[in-house]
Student: 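My questions all concern the structure below.
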Amino acid sequence: MLLAELVVLGLAYGLLFGVLALGLTLIWGVMKVVNIAHGDFVIVGAYSSYWLFVLAGVHPILSILFTAPFGFGLGIIVYLGLVRRVVHAPELMSLFLTFGISTLISSLLLYIYSPNQRAISVTFPSINGLGVVLPGNVAIAAAYAVVVATLLRIFLTKTYWGKAIRAVTEDSSSALLMGINPEAVSMLAFGIGVAIASSVGSVVMLLQAVYPTGGSEFTLLAFVIVVLGGLGSPFGALLGGIVIGVVDNVASLYLPAAATPAIGFIILVIVLIVRPSGIMGAKGR
Amino acid sequence: MTEPLLEVSRLAVNYGAVPVLWDISLTVNRGELVVLLGSNGAGKTTSLRSVQGVLKPKSGKVAFNSKDITALAANKVTAIGLSLVPEGRGLFATMTVEENLQLGAFSKRARKRFGENLSSVYELFPILKERKGQRAGSLSGGEQQMLAIGRGLMSDPEMLMLDEPSLGLAPIVVSKVFKVLEGLKDRGLTILLVEQNVEVSLAIADRGYLLENGKIAFEGTPDQFRANESLREAYLGL
Amino acid sequence: MGDLLRLTQVAKRFSGLEVLKDISFEVAEGEVLGLIGPNGAGKTTLFNIISGILKPNSGRVVFASKDITGLPTHRVSRLGIARTFQIPQPFAEMTVLENVRATLLFSNPRPEGKLPRDAKEICEMVGLGGRLEQPAGSLSAPEKKRLEVARALASSPRLLLLDEFAAGLTLSESSWASEMIKSLSKDYGVTIVWTEHVMKILMRSVERVLVLQSGEVIASGTPAEVVKNELVLKAYFGGKPA
Amino acid sequence: MNRNTYKSHTSNSEMLAFGESKARRAISRTAGIGIVVLLLIVALGGAYYYTTTLGSATTSSSSGQTTTTTTTTTPYTGPTKITIGMTMPLSGSLASDGVMSLDGLKMWAASVNASGGIYVKSLNHRLPVQLIYYDDTSTASVVATDYQQLVAQGVNFLVAPYSSGLTLAAAPIAETNHLLLISHGGASDSIWSKGYKYVVGVLSPGSQYAIPVLQMLENQNSSTPLKVAFFFGNDAFSISVKTGALAFINSTSGKFSVVYNQLYDESATSYTAQLSQIQAASPDVVIGGAHFADGETIVKNIQSLGLHFKMVSLLVAPDDPHFLSDLGSLANNVAAPSQWESNLDFTHFSPYYGNITGAQFLSQFQSSFNMPPNYEAAEAYNTGLVLQRAISDSGSLNSTIVRNQLSSENIWTFYGNFQIGPTGIQSGHTMVVMQWQNGAKQTVWPRAVATSPFVYPAP
Amino acid sequence: MSPLKLTGFTLTRRRSAEMAVILVLLALLLVAPTFFARISVLFFILNWIVLAESFNMFAGLTGYVNFGHVVFYGVGGYVSALLMVNAHASPYVAVIAGGLASSLLALGISLPTTRLRGAYFAIATLSINEAFFVTFDSWDAVGSAPGLSLPISYYQPVVEYYVMVVVAIACVLSMYAISKSKFGIALQAIRQQEVTANSIGINAAYYKSLALVFSGFFAGLAGALAIWQITFIDPPSAFNVTITVTSISMAMLGGLGTVIGPVIGGALLYELTDLLGLSYPFIHLIILGVIIVGVVLVIPDGILGASRRVLTKVRGRR
């Protein structure tokens, strides 16, 4: 029963992780930029939700209505001001630039909001079914993840701009011939990526305390998931998230709790060696 | 009716420091089907890609509908009615047939006539309608080529450029594709065709250009080509 | 003269697609063999297999009586097979001289080789004497082609694979190339396999041509024989619509 | 052409020749610039060093905060202030603790200087204190260089950075330079097992943390052995707490049985998996925790899983005032071992030092920094008080003399007792247990200082 | 003949001037402890130079971005710390053992990973580092989370400083020797065109592994030396990704792939962070972020590349 409970829990967390990674993979797919500041945008969203809650009493779930568009705008500003200039530069340049952005965001948050951890006390009743208990907040997070994944799926499959994003990801030169402006698609993808990160931040506020420099943990998590799933593959990101979520939780049954985080990385290294482009990635190197 | 739709004058293109096209001038009149012949590596694909704006020419001028489009980005060229069906088809393999067609109509102008164009493409290629929910990558080679052409048509072009539509197709399929091209020409679409398959393309073309080593080596009607040794020399050296 | 290179039933598939189907042929020591065929015939794949960049799915490649099938590229190179690339791929940040010297450094000189072992001499041989100190990346296209040859020669090859050598060259450049190739075979005893689209040059420089179409050898013979071959004509000019 | 000439050509001369044009590019143009830059850096560093050492009395160009100006009197050539150097983790993983500690020390310095400074008998002068602090970014290598900087600046005393690891990085520098290093936030017992003479602690070491909790439970009448789940974070401090707790349990035969004993990863986003396992072991009480964020998450997870234990005691987190504001009613009945509570009153102990009570500390801190203090701030303030006392009593600014003086001090402050063992480890101070009850923080153990009875088992 | 001679002459004159400057600098480094009290600043400048240079030794020469560089630093530190704490080994032996252990690890890592490319290689190495971090964090035999702390008797800052000077010089000289040798030429060839490199007889896999082994060796020495100086090691300080990223930043700031670049970048960035940290304890990280973003946008080719550009421009004008 415990195992079943852990699997359910892992699935729920995995969905959220997967959505977190979706933002990263979208950006990679379109412009081949690994956004090291991804996790810092999560923290930006989390702090926005925190203050909305503390100052205006806005429920964190409601505050997504603010953090998502805010993240979208922020992403577009960051893209136009900075990232745009390294899209065609060697990989290392974009890594380095986004690292700089990450440092800048986290240190600004640190300066403005002090290093104290912040948390919100909002709880949802837990869900019981078939002898399995799922914490309410986790269930809400999973529900959020399902909604975002669904919305994103609808966006990517039903709208012109969503299809354009997929088209650029798959074959940017062909996309150009369709009349798609790759620059506009990059901007859009970056905006959506940051919007996702920032709305994940709102949900994270339901689950744990955050602090200004905590972004790197989310970036790392998203990295692992994205590579596990295959860079640039949205479905792979969700799958990777679920794998990591379940493995993380189930492994704690059999391993010392403090050692479980190693499992994700070890799986990743093995996957990379056996299948260099990730579970869902294209074949070849 | 000899109103020029596409005019390319003295086009020169480099890949990095490597000159690929030296001095290309050609004209395609409205309603014409012109074929650009030449052996591999002669610069045919480069010509099309520079006309479309994917490659930036070093010098020269491209005019479409009397408008200078030399410096226009490729996506904007598509939007004003000149569409390129690339070599190797360039389909979005993981997307469905219908999605590929929708992307073909990405520009605002094309989106307005989406329904109309979609039904005429389905009419032209009934097989695509049958397979509309299937992933483009799962189609056969011939079906893929039809999808590529259909997708090109979805941008509601005044002129279509096709790069090696017969590549990798069985002869029977090649002839099907060329029948379609002939039909499109009959409907008044202007076509610039790049093709290795000389016989087949001369059979449907109004005029042709022979590209050899980055230069126009010969120009003429299909009959003039057949009467001339230049083709054989360009292709086989002897 | 015996066979220097022998391919037996070499086949290669890329994700199910048969790019080469049971290719077999021999190249005699000292021969210049032309390899022609329309786009997608599998010429570059064949070169990649001979030079060890790709492994064939089946079949054997024997070079100088040694089975080199699936041997890593660097070992194939040290055995004496050099190649040029269709799109020149020099070490862009090194100078011309450094490109050649780097190759000399890693090559395995053959005692019976007649090729010069001095970088400057090699560069002069291919007409790059005036560009020695120029970074390879800044060379013009024809110069890069020359550098490809220079680098190939520096690895003291017994067999030289020339991939689309004349593409992008002017006519005078091309005739230089064909002279050069003839001299390599005659004066230095280098065996050459040469693919080309610029037929004028190739057909006038080789003794024997192999025609590849869709991964199969469809004809073989002297240039004059080959251009009359029905299969070849069909491959190049296609058939009338059925 | 001679064949033999080809063979002998490869070799070094060829290689060197190859390198030559590279060498020219790499060395001649770049090395020049490189060397200029390097010289510039050395010069800058040197200049900075001289300005900070020689000029520290006149400028506050460094971060050092001059809190007061000196009262000028007759010709006096001695030092004009007492400089106390430290690094604090103001950024990085320990930043919140670092800032809290620094604020405590700042408040102490302000109050000392407002009262005219500390009288130093050997100089026959009252001197104000100056804190010189740097951000160590929670990184040990920065601690190592910055403490050397502090030594080079000639500070009189050192205060350790927050956390055991960083304290361990600062200790050898203090030790080799014979400077007193007072630890207020390094609780690991290992700090005092290395044989350092100059390292003194004001807080109870980690091994003592859980003992009052266990003593308190021991006192609740329970017929069967009490089933305990240990669920601590994986860090030096928490592990030393656990080690101390296990040692205590082993010394009380049969009163406790440990049914679960695991460390957890403090960066995890949830602990629901482990908590489910704990539930499966059906313990009476859960004792564990590590830091703030993980502690809050554990409490949230316990609630959301609908688990119930007779008592949950966590380290650090419940003691932080944010615990209540973040968790609201979830905070109720959660207990924590605590170094200090503002409602503790030690004024009736003697000798009582420092004109401040716990309640005053709370209100003054609140008004200075616009947030309630936690015990880290109190520890840091107390560090200042202890140092102040030792300077006054010994009448010296010499670290060795002050260190010896500290050995013989046995005083009470708002923070409790101060008395150290031979190694410098704190032996006088005792931990208390606090518990949230109806939205208020209560001290529940030891009974002598309790403000409210222990709620056990939790309803 | 005469222009050749002339260039030869100016070259030697310039070279001797450079030699003189280098010697003065070395002399300064050697006597620094007598007049410079913050010797650990110099120690860590050199430590960072070794880290940046050793990163450069692999990544700068081969073009593969090793995002797990710090794993060598950490393992080197741990091996030496374990030897000193448990076996009471001589610090010299411990430091060398740390370097050797890391080079062995580098060999092991290179075998499966060097066939990955681009972001995949970067993330695979990053993950290996994280796996080490988590493993060491929960492995009691290596001290787990509380870490290890050296007995005070090992703390000899001046001795450590001189060893650091020797290691730094050895590292920079090795980089120089490598980049001028057949080995270095092979690596440059691999970076510029791996396929061509293979086809001229260069065993790319072998040379890449060897480069990583050298890189690992020096990073391991740096880690071992840092632990000797700090006297304390725990997983967050040993396997900190920030160390990797800082090494990359330093190498990039100076100029990737050059010998001197990481030296300049390392010294400059370290001193900058140090001074900023001392002067502006609350906003130094913001300034650092601005600097990094600025470097990418303004001088993406590093100080060396930028100054070369400026020099050619100036010369071109004359």
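All figures in this text were calculated on a predicted structure; none of them were measured in a lab. A note on names: the letters A, B, ... follow the listed sequences, proteins ahead of strands, and every chain is numbered from 1.
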Student: Rounded to the nearest 0.5 Å, what separates atom OG in A/Ser107 from atom CD1 in E/Ile287?
Tutor: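 One gets 9.5 Å once the value is rounded to the nearest 0.5 Å.
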Student: Using non-hydrogen atoms and a 4.5 Å limit, figure out which bit of E/Phe133 sits close to chain A: side chain, backbone, both or neither.
Tutor: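 Contact with chain A: none, neither part.
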Student: Can you measure from CZ (A/Phe99) to OG (E/Ser249) and round to the nearest 0.5 angstrom?
Tutor: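 Going from CZ on A/Phe99 over to OG on E/Ser249, the span is 5.0 Å.
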Student: Looking at A/Tyr113, I want to see if its OH is surrounded by more than 12 non-hydrogen atoms of other residues, nucleotides or ligands under 6.0 Å.
Tutor: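 Atom OH in A/Tyr113 is packed in, count exceeds 12.
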Student: Is it the side chain or the backbone of E/Val295 that comes within 4.5 Å of chain A heavy atoms, both, or neither?
Tutor: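 The side chain, not the backbone.
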Student: What heavy-atom pair brings E/Ile286 and A/Leu108 nearest, and what distance separates the two atoms?
Tutor: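 Scanning both residues completely, I find the closest heavy atoms to be CD1-CD2, 3.8 Å.
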Student: Report which part of E/Leu126 has an atom under 4.5 Å of a heavy atom belonging to chain A: side chain, backbone, both, or neither.
Tutor: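 E/Leu126 touches chain A through side-chain heavy atoms alone.
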Student: Which atoms of E/Val65 come close to chain A, meaning under 4.5 Å heavy atom to heavy atom: side chain ones, backbone ones, both, or neither?
Tutor: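 Side chain only.
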Student: Which atoms form the tightest heavy-atom contact between A/Phe96 and E/Ile292, and what is the distance?
Tutor: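 Nearest pair, atom of A/Phe96 first, then E/Ile292: O-CG2, 3.6 Å.
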Student: Would you mind telling me which of A/Val34, A/Thr103, A/Leu220 has the largest number of heavy-atom pairs within less than 4.5 Å of chain E?
Tutor: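 Among A/Val34, A/Thr103, A/Leu220, the one with the most close pairs to chain E is A/Leu220.
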Student: What's the separation between atom CG in A/Leu95 and atom CD1 in E/Ile248, rounded to the nearest 0.5 Å?
Tutor: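 One gets 7.5 Å once the value is rounded to the nearest 0.5 Å.
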Student: Using 0.5 Å steps for rounding, measure from the OH atom of A/Tyr111 to the OH atom of E/Tyr280.
Tutor: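 These two atoms lie 12.0 Å from each other.
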Student: Would you give the length of the straight line joining atom CG of E/Leu297 to atom CE of A/Met93, rounded to the nearest 0.5 angstrom?
Tutor: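 Taking CG in E/Leu297 and CE in A/Met93, the distance rounds to 10.0 Å.
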